[in-house]
Chemist: 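Dumping the structure here so I can ask a few things about it.
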Amino acid sequence: MVTLVMTSCTNRKRKAVPCDQRISSLAPAPLDDLAVAWAHQLTNASERFPANAIYGGRAFREASMAARLAEARLLVVSAGLGLVEAAAEVPPYACTVSVGAADSVAARVTGAFRVEDWWGALREASPFSRSLTDLIVKEDGPVLIALSETYLSMVAQELCSLPTSALARVRLFTRTPRAHVAPALLPFLMPYDDRLDGPDSPVRGTRSDFAARALHHFVRLGNAGSVVDDGAAVGCALSGWRMPARPMRIRRDDEELLGLMRRHWGEVGGRSSQLLRLFRDDLGIACEQSRFAMLARRVRSELG
């Protein structure tokens with residue numbers, strides 16, 4: 001049996017259901033204490049919905065299509081809930097590990113903050129989280145994991161601690177540069193690159209949904225061999241594809257950038273990392289990350 005695991009996606013907006021579970025509503029606290037307080041808030045939530053009714057966006061659609069095609073279970077790595085089945089009943093929530101976002105865990109933690117430490121504390125405290133280790137160890141088939149760079153960093157320590165036989169069944173899909181991937185995980189990284197967004201690719205998209213698109217493409221290849229065979233199959237499939245043309249991004253002054261930020265702020269739920277990707281990938285706007293972060297803080301203070 002194939003199991004698919006993917007990064008948490010953008011929450012769908014549910015006008016009839018207010019999101020009362022917000023990490024920003026909690027008082028700053030040490031990381032472990034914050035995880036316990038957050039778990040208490042989740043437990044007492046009055047409304048719950050299937051996770052697949054809460055999450056949205058292209059990445060989730062791609063992973064869902066892959067799951068149906070492979071007749072596989074789909075689970076979600078969530079910074080607010082832990083590891084959850086896509087069909088599990090969960091509360092709507094607002095919590096992210098993206099630094100600078102409106103509901104960032106980092107803004108609530110007193111002292112040092114590391115995403116892997118939050119994952120460990122959340123895994124223990126959340127009433128909804130499953131164990132990623134137990135899931136992989138107990139499965140007898142491939143486990144395909146599609147993660148963004150931040151979320152791969154969040155679970156990397158747990159993946160690296162897997163028994164060798166269990167890790168051998170993992171296939172990773174991410175746009176994370178190889179230099180940022182833990183060495184122990186590199187052999188299991190499927191060799192997708194920017195050709196996935198080139199003119200010959202049937203699954204072009206944005207960086208935010210790269211991992212899920214690569215996962216879906218891999219499932220359509222129908223491979224379930226050794227990690228070497230699977231990597232070779234991906235390399236063969238991409239061998240005739242060209243790289244995308246390097247985009248020429250337009251520079252804007254601060255006032256123009258602020259106006260665009262205000263206009264698109266709601267589309268990304270106030271997540272500055274997603275807004276930066278939208279600026280660069282969809283709008284073709286050049287903006288240095290430090291300058292962008294400074295302007296995003298200004299807009300967040302205005303819009304709340």
Chemist: Quick one: closest heavy-atom pair of G82 and L122, and the distance?
Modeler: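 Closest approach of G82 to L122: N-CD2, 3.4 Å.
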Chemist: Keeping to residues at least two apart or across chains, list the ring pair (Phe, Tyr, Trp, His ring centres under 6.0 Å) pairs with something in residues 204-227.
Modeler: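 Those involving residues 204-227 are F173-F218, Y192-H217, H217-W241.
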Chemist: Search all heavy atoms of R130 against all heavy atoms of R123 and return the closest pair with its distance.
Modeler: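 That would be O-CG, 4.4 Å.
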Chemist: Starting from L74, can I reach M65 by hopping between I/L/V/M/F/W/Y residues whose side chains sit under 4.5 Å apart?
Modeler: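 No; L74 is not reachable from M65 via cluster members.
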Chemist: If you compare all heavy atoms of L42 against all heavy atoms of S126, which two are closest, and at what distance to 0.1 Å?
Modeler: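 Heavy atoms only, the tightest pair is CD1-OG, 4.5 Å.
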Chemist: I need the single residue from E256, E302, E255 that forms a salt bridge (charged side-chain N to carboxylate O under 4.0 Å, His left out) with R262. Which is it?
Modeler: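 Passing option: E302.
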Chemist: Give me each pair satisfying side-chain hydrogen bond (donor to acceptor under 3.5 Å, both in side chains) with a member in residues 111-122, each pair once, sequence neighbours excluded.
Modeler: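 Counting only pairs at least two positions apart or across chains, the side-chain hydrogen bond (donor to acceptor under 3.5 Å, both in side chains) contacts touching residues 111-122 are R114-E116, R114-D117, W119-E158.
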Chemist: Could you state the interatomic distance from SG (C287) to CE (M294), rounded to the nearest 0.5 Å?
Modeler: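 The CE atom of M294 is 8.5 Å from SG of C287, to the nearest 0.5 Å.
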Chemist: Any side-chain heavy atom of R300 sitting closer than 4.5 Å to one from W265?
Modeler: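 Yes, close enough: below the 4.5 Å cut-off.
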Chemist: Are L69 and I145 linked, directly or through intermediate hydrophobic residues, by side-chain heavy-atom contacts shorter than 4.5 Å (ILVMFWY only)?
Modeler: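 Shared cluster, yes.
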Chemist: Tell me whether D209 is salt-bridged to R61, with the criterion being a basic N under 4.0 Å from an acidic carboxylate O.
Modeler: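 The answer is no: the pair does not qualify as a salt bridge.
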Chemist: Membership question, hydrophobic clusters at under 4.5 Å side-chain separation (ILVMFWY): are I23 and V36 in the same one?
Modeler: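 They do not share one cluster, since no chain of ILVMFWY contacts under 4.5 Å joins V36 to I23.
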Chemist: Quick one, S208 with T206, criterion side-chain hydrogen bond (donor to acceptor under 3.5 Å, both in side chains). Give me CA distance, side-chain angles, the key distance, then yes/no.
Modeler: CA-CA 5 Å; S208 62; T206 65; 2.9 Å; yes
Chemist: Going hydrophobic residue to hydrophobic residue with side-chain gaps under 4.5 angstrom, can you get from I250 over to L257?
Modeler: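 Cluster IDs for I250 and L257 differ.
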Chemist: Determine, step by step, whether T96 and D103 satisfy the side-chain hydrogen bond (donor to acceptor under 3.5 Å, both in side chains) criterion, reporting the C-alpha distance in whole Å, the side-chain angles of both residues, the deciding distance to 0.1 Å, and the verdict.
Modeler: CA-CA 6 Å; T96 178; D103 283 281; over 6 Å; no
Chemist: Work out which heavy atom in A286 is nearest to a heavy atom in R251; give both atom names and the distance.
Modeler: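 Minimum heavy-atom contact is CB-CG, 4.1 Å.
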Chemist: Distance check, rounded to the nearest 0.5 Å: E85 atom CD versus N52 atom CG?
Modeler: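 Rounded to the nearest 0.5 Å, the CD-CG separation comes out at 10.5 Å.
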Chemist: Looking at every heavy atom in both R280 and R249, which two are closest together, and how far apart are they?
Modeler: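 Nearest pair, atom of R280 first, then R249: O-NE, 2.9 Å.
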